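Taking it in order: structure first as structure tokens, then the write-up.
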Protein chains: 2
Amino acid sequence: MEEANHNRCENCIIRQFNSLRAMSKAELKKVSDSKITKKVKKGEALFEEGDKLDGVFCVREGISKLSKLSANGKDQIVKLASKGEVMGQRSVIAEEYTNLSAVAVSDMEVCFIPKDSIVHTLSRNPDYAIEILRHMAHDLKEADDVIVNMSQKTVKQRIAEAFLYLKNNYGEDDQGFLVLTLSREDIANVVGTATESAIRIISEFKKKGMIRTSGKKIGVLNEKLLQDLIEGF
Amino acid sequence: MEEANHNRCENCIIRQFNSLRAMSKAELKKVSDSKITKKVKKGEALFEEGDKLDGVFCVREGISKLSKLSANGKDQIVKLASKGEVMGQRSVIAEEYTNLSAVAVSDMEVCFIPKDSIVHTLSRNPDYAIEILRHMAHDLKEADDVIVNMSQKTVKQRIAEAFLYLKNNYGEDDQGFLVLTLSREDIANVVGTATESAIRIISEFKKKGMIRTSGKKIGVLNEKLLQDLIEGF
DNA sequence: TTGAAAAGATGACAATTATCATGTATTATT
DNA sequence: AATAATACATGATAATTGTCATCTTTTCAA
């Protein structure tokens, strides 16, 4: 008899948050039998731009940055993926080389699911396809928002937005610092600016009492001031 | 007996270029029976940001801009949709209000397909779902590229890219002018800059012999110079 | 056709942002 | 613990881009 352990996808809570929840028991069993659980240390890459992925990564723990190298040698972080998110779906579905790199920004635990079980389910279970479609439609809408933000907001506004985003999505620790700690360089790469500019703006926010820092850690002190700045006051 | 006219989706060539090609004959018949063909004049809107769409628009002729209004009152053009493209799929699938406005930039002919037939097919025909999925995966990848361009390239580079894009995607007329003529304001809204900045850069390109103009029309004279500029020389 | 409105063009200037240089603090490694 | 490497910080300066004002040209409707 099979043991009901937590390494089985059937029992994995994470699944509830992503498209895998539309899979049948049998499909899920197949996925579970073929998947590999991996630990990835902060700073390590899950995959690199241009890789051919033969599967997707389901995030169980930790956070990964998805970035793209620009012609002038700077990394642009396009998305942060955390618990429950599935990375690499796009490339697997479109059968293309991936256009993004994935690097852990905190220690991670991920499940690698070979593409066979994904593709197989896709062509047989319309609910699963629709579920992925919904997720992708959502991502696309978010991407549109990012495009508008990038082109219409100032760097200051984008950094303020980033801090509120980090607060709302990953929360604060008991001392009020953002749980997800990014390097200044990563922050710069999220908002698409030079590292020095990001550092300068962080200093300015600190002087104005909007945030406080302790080493790399950042704590939001005055959410309203940040919000006002974002809205252009 | 049914007449085999060109207003039937079954006989529409456009269909070959989009996800409708994965539909069965019966499904296509249903779509065709419920669709409405419309003419839209240049400058008219197909739908506005925030509208609830009860169907999708399939472009038969002409070009539409898909844009989003930013907080500071400027429009950001996120995508141009031309022959064969289906607009509004995202909102219909995600069952959300649309996040974009669609306005014709040239006279258009579009088919409006009520969402029922789309949704119905989606849940029954996995091939159709996969086909849409592929298209959306592609759009998402393109959106990532736009994000990187917006944040890492200068306005000059983005305008140069836009001209090459227009040339490669919509071609030139017999006098070598770009077929798709956009107003200076639209060009500015595509690359995310002020109209004056766009005009200034266009003047500069003209002085340097990269392009020539005649009224609104723009002709690419030296593709290599533009390409070099894009690549940072 | 003719005047009003819209679009295009350009100068002057201000604000934003990038780059380079340099110094200090932190972190990692032996 | 010492040292090297990396990240953070800040000044000085230059380049880019936005804003406001004004003028010309084109477009369009009466």
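Because the structure is a prediction, the values reported are computed rather than measured. Letters A, B, ... are given to chains in the order of the sequence lines, protein chains preceding strands, and every chain is numbered from 1.
The distance from atom CE of B/M150 to atom C1' of C/dT17 is 17 Å, rounded to the nearest whole Å. What separates CD of A/Q157 from P of D/dG18 is a distance of 13 Å, to the nearest Å. For the pair A/I201 CD1 and D/dC8 C1', the interatomic distance rounds to 15 Å; values are reported in whole Å. Atom pair A/D186:CG and D/dA7:P shows a separation of 10 Å (rounding to whole Å applied). With rounding to whole Å, A/E196 atom CD is found 17 Å from D/dT13 atom P. Remark: P of C/dT19 and CD of A/E185 are 13 Å apart, rounded to the nearest angstrom. Rounded to whole angstrom, the span from the CD atom of A/E204 across to the C1' atom of D/dC8 amounts to 17 Å. As rounded to whole Å, 13 Å separates atom C1' of C/dA9 from atom CD1 of B/I218.
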Under 3.5 Å between N/O atoms: give me all the protein pairs with nucleotides 27-30 of chain C, atom names plus distance.
none

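Listed pair A/S203 / D/dT10 meets the phosphate criterion, a side-chain N or O lying under 4.0 Å from OP1 or OP2. One finds a side-chain N or O of A/S197 lying less than 4.0 angstrom from the OP1 or OP2 phosphate oxygen of C/dA18. Contact check, B/K217 against D/dT26: no side-chain N or O comes under 4.0 Å of OP1 or OP2.
Salt bridge status for B/R200 with B/E204: absent, with no side-chain N to carboxylate O gap under 4.0 Å. Salt-bridge check for B/E109 with B/K38: failed, with every basic side-chain N at 4.0 Å or more from each acidic carboxylate O. The residues B/E95 and A/R134 are annotated as salt-bridged, a charged nitrogen and a carboxylate oxygen being separated by less than 4.0 angstrom.
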Please output the side-chain donor-acceptor pairs of residues 138-148 of chain B that fall under 3.5 Å, not counting sequence neighbours, one pair per line with the distance.
residue: B/K141; atom: NZ; partner: A/E96; partner atom: OE1; Å: 3.2
residue: B/D144; atom: OD2; partner: A/R90; partner atom: NH2; Å: 2.7
residue: B/D144; atom: OD2; partner: A/N99; partner atom: ND2; Å: 3.3
residue: B/D145; atom: OD1; partner: A/K68; partner atom: NZ; Å: 3.2

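Between the side chain of B/N18 and the backbone N or O of B/G84 there is at least one donor-acceptor pair closer than 3.5 Å.
When the nucleotides D/dC8, D/dG18, C/dT19 are ranked by their closest atom to the side chain of A/R184, D/dC8 comes out on top. Out of C/dT10, D/dT10, D/dT19, the shortest distance to the side chain of B/I199 is found at C/dT10.
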Item to check | Test salt bridge (Lys or Arg N to Asp or Glu O under 4.0 Å) applied to B/K39 and B/E61, step by step | outcome: CA-CA 9 Å; B/K39 289 200 187 283; B/E61 200 51 62; over 6 Å; no

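The shortest heavy-atom contact between A/I77 and A/S67 is CA-CB, 3.9 Å.
In this structure, A/K153 reaches neither bases nor backbone, as no heavy-atom distance under 4.0 Å exists between it and the strands shown. Contacts of B/T193 with the nucleic acid, taken as non-hydrogen atoms under 4.0 Å apart, involve only primed sugar atoms and P, OP1 or OP2.
With hydrogens and angles ignored, no donor-acceptor pair under 3.5 angstrom links the side chain of A/R158 to the base of C/dT17. On a pure distance criterion of 3.5 Å, no polar donor-acceptor pair joins the side chain of B/R200 and the base of D/dG18.
Comparing A/K207 and A/S151 along DNA chain D, the residue whose closest nucleotide (by nearest heavy atom) sits nearer the 5' end is A/K207.
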